[in-house]
There are 2 protein chains.
Amino acid sequence: MSRSTQQPRARRLPRDVRERQILDAAVQVFSQHGFHAASMDEVADVAGVSKPMVYTYLGSKEDLFSECIRREAKRLIDAVTEGVSTDDELAPDMLLWLGLRSFFRYVGSNRDSWTVLHRQALSVGGTFADEISEMRTRSIELVASVVVSTGTKQGIGEQAEKSGAGLAAALVGAAESLADWWIDHPDVEEGTLASWLMNLVWLGFGDLVQGAVWRPR
Amino acid sequence: MSRSTQQPRARRLPRDVRERQILDAAVQVFSQHGFHAASMDEVADVAGVSKPMVYTYLGSKEDLFSECIRREAKRLIDAVTEGVSTDDELAPDMLLWLGLRSFFRYVGSNRDSWTVLHRQALSVGGTFADEISEMRTRSIELVASVVVSTGTKQGIGEQAEKSGAGLAAALVGAAESLADWWIDHPDVEEGTLASWLMNLVWLGFGDLVQGAVWRPR
DNA sequence: GCGTAAACTTACTGGCAAGTAGATTCTGCC
DNA sequence: GGCAGAATCTACTTGCCAGTAAGTTTACGC
């Protein structure tokens with residue numbers, strides 16, 4: 001039961017540092033077990049802290065999870081935002097390309113974060129589902145705006161607006177799914193993943209924009 | 001006395017009928033709360049039966065969940081299989097088209113089933129995750145075989161094989177994600193969803209097959 | 001009719017995990 | 001040095017829920 005043997009009794013740390021450690025531990029534990037199966041004892045243990053600390057600093061289990069979601073969502077969004085920000089104005093396809101690369105890069109080096117956001121948060125329902133689906137909706141709208149603006153610029157406005165949101169949802173889902181697939185096939189670079197999607201999606205868009213349509217025979 | 005009293009009290013029913021009722025209830029409850037948050041009491045309650053029945057017929061909570069997954073996965077696969085089976089040999093794009101339509105049709109009229117399979121099963125981990133990811137892998141491989149065979153027939157074999165699995169994963173994910181999006185935008189017909197995806201994906205494939213490539217500038 | 005097995009119930013146990021009370025250090029500051 | 005208060009712990013209480021023991025009722029074959 002004695003924890004780490006040779007530490008001179010973990011020093012006292014200022015609150016914000018401990019909070020960060022606890023949140024890190026929580027993300028890891030939640031990503032491994034999911035919200036319900038995760039225990040506060042384990043979170044405290046992984047954080048190297050006793051349970052009352054967790055409650056004192058982060059509140060209830062729901063509060064803690066909520067805070068994880070919020071922090072990780074912000075990190076992801078910041079990573080992507082930072083990845084697409086440049087001085088020049090970007091063509092829409094380059095925008096998408098940079099966004100996808102940033103996304104995959106983030107997922108690649110923050111698996112736990114991604115797992116919590118993508119798999120665990122959705123399955124809990126209630127408050128969290130709202131927060132997550134809001135983030136998701138924002139991503140989709142962002143992508144949709146690229147799609148729609150490209151479409152309208154080319155003069156197929158009505159159709160683009162109608163299907164834009166749906167296509168964007170599909171694209172976001174494709175990226176998410178590819179990220180999951182990546183976990184089982186790590187011997188691929190993130191640029192490759194992004195370029196697969198670009199090839200699939202942008203070439204398809206290109207045809208649509210030029211008026212090509214697939215229809216069943 | 002004799003059976004003159006007609007209580008609305010559920011009559012005694014043969015085992016297989018009850019088992020079906022219990023499984024139906026379980027799918028509903030699991031889809032609403034997820035594995036851990038769902039209680040066996042509620043399952044029994046929704047099924048209109050007492051708890052020991054559930055244990056007698058279906059075993060432990062894990063067994064029950066497992067059986068739900070198995071049954072619903074089979075129903076989904078059967079629905080899609082049935083949707084693409086015809087007498088004639090189908091062109092690959094028509095195969096994909098029919099498959100997508102069947103998939104969306106199933107999801108549309110079996111929301112609970114889809115939720116359990118897609119959202120809940122993944123988040124539990126362990127045995128279930130294996131079963132689910134096996135089903136998923138099979139779907140992806142199926143799609144991949146269509147993609148790859150189309151590619152090789154057109155003479156870009158090497159590249160098609162390399163990216164085929166990834167593209168298939170992306171496509172499957174796009175379909176799943178579009179299915180989720182549909183839940184929030186139900187005023188779209190399932191054929192429309194399928195045709196959006198076909199337009200996106202098949203036109204993109206078409207270009208790839210003809211050697212077109214998008215690359216960053 | 002009547003006995004037997006299958007269908008079904010009530011009412012419990014046991015354990016795990018969320019959340020807390022209250023005592024106990026340490027640390028910065030005068 | 002000593003004290004105020006923040007940081008931290010041990011050791012509980014509480015409630016829920018998976019799983020079960022043991023009994024009761026009904027269908028149905030003969």
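Below, all heavy atoms of this structure are taken into account, side chains as well, without hydrogens, waters or symmetry copies. Numbers restart at 1 for each chain; the letters A, B, ... are given by sequence-line order, proteins then strands.
- Cation-pi geometry between R136(A) and W181(B) is not met at under 6.0 angstrom from the ring centre and within 45 degrees of the axis.
- For the residue pair H33(A) / Q120(A), no side-chain donor-acceptor distance below 3.5 Å is found, with atom types taken as modelled.
- We find that CD1 of I22(B) is positioned 11 Å from P of dA7(C), with the value rounded to whole Å.
- Close to dC8(C), at under 4.0 Å from its OP1 or OP2, lies no side-chain N or O of R15(B).
- Taking the six-membered ring for Trp, F104(B) and W196(B) have ring centres at least 6.0 Å apart.
- Distance, K61(B) NZ to dC16(C) P: 15 Å, rounded to whole Å.
- Each of Y55(B) and P14(A) has a nearest nucleotide on DNA chain D; the 5'-most of these lies closest to P14(A).
- Comparing dG19(C), dT27(C), dT20(D) by their closest approach to the side chain of R12(A) singles out dT27(C).
- Looking at heavy-atom distances under 4.0 Å, A44(B) makes no contact with the nucleic acid at all.
- Each of dC9(D), dG19(C), dT9(C) was ranked by its minimum atom distance to the side chain of V49(A); first place goes to dC9(D).
- Within 4.0 Å (heavy atoms only), S39(A) reaches sugar-phosphate atoms of the nucleic acid but no base atom.
- dG19(D) atom C1' lies 13 Å from atom CG of L64(B), rounded to whole Å.
- Looking at heavy-atom distances under 4.0 Å, A37(A) makes no contact with the nucleic acid at all.
- Regarding M53(A), its CE atom lies at a distance of 16 Å from the P atom of dA21(C), rounded to whole Å.
- The aromatic rings of W97(B) and W214(A) lie tilted to each other, with the angle between the two planes from 30° to 60°.
- For the pair R111(A) and W182(A), the distance from NZ or CZ to the six-membered ring centre is under 6.0 Å and the angle to the ring normal is within 45 degrees.
- Between dA21(D), dG19(D), dA7(C), one nucleotide has an atom nearer to the side chain of S60(B) than all others, and that is dG19(D).
- Under 4.0 angstrom from either OP1 or OP2 of dC8(C) there lies at least one side-chain N or O belonging to R18(B).
- As a whole-Å value, the separation of L13(A) CG from dC26(C) C1' is 12 Å.
- As a whole-Å value, the separation of F35(B) CZ from dC17(D) P is 14 Å.
- Rounded to an integer number of Å, the gap from CG of D45(A) to P of dT10(D) is 11 Å.
- Residue P52(A) places its side chain closer to dT20(C) than to any other of dT8(D), dT20(C), dA18(C).
- In the set dA18(C), dT9(C), dA18(D), dA18(D) carries the atom at the smallest distance from any side-chain atom of M40(B).
- dA7(C) atom P lies 13 Å from atom CD of Q21(B), rounded to whole Å.
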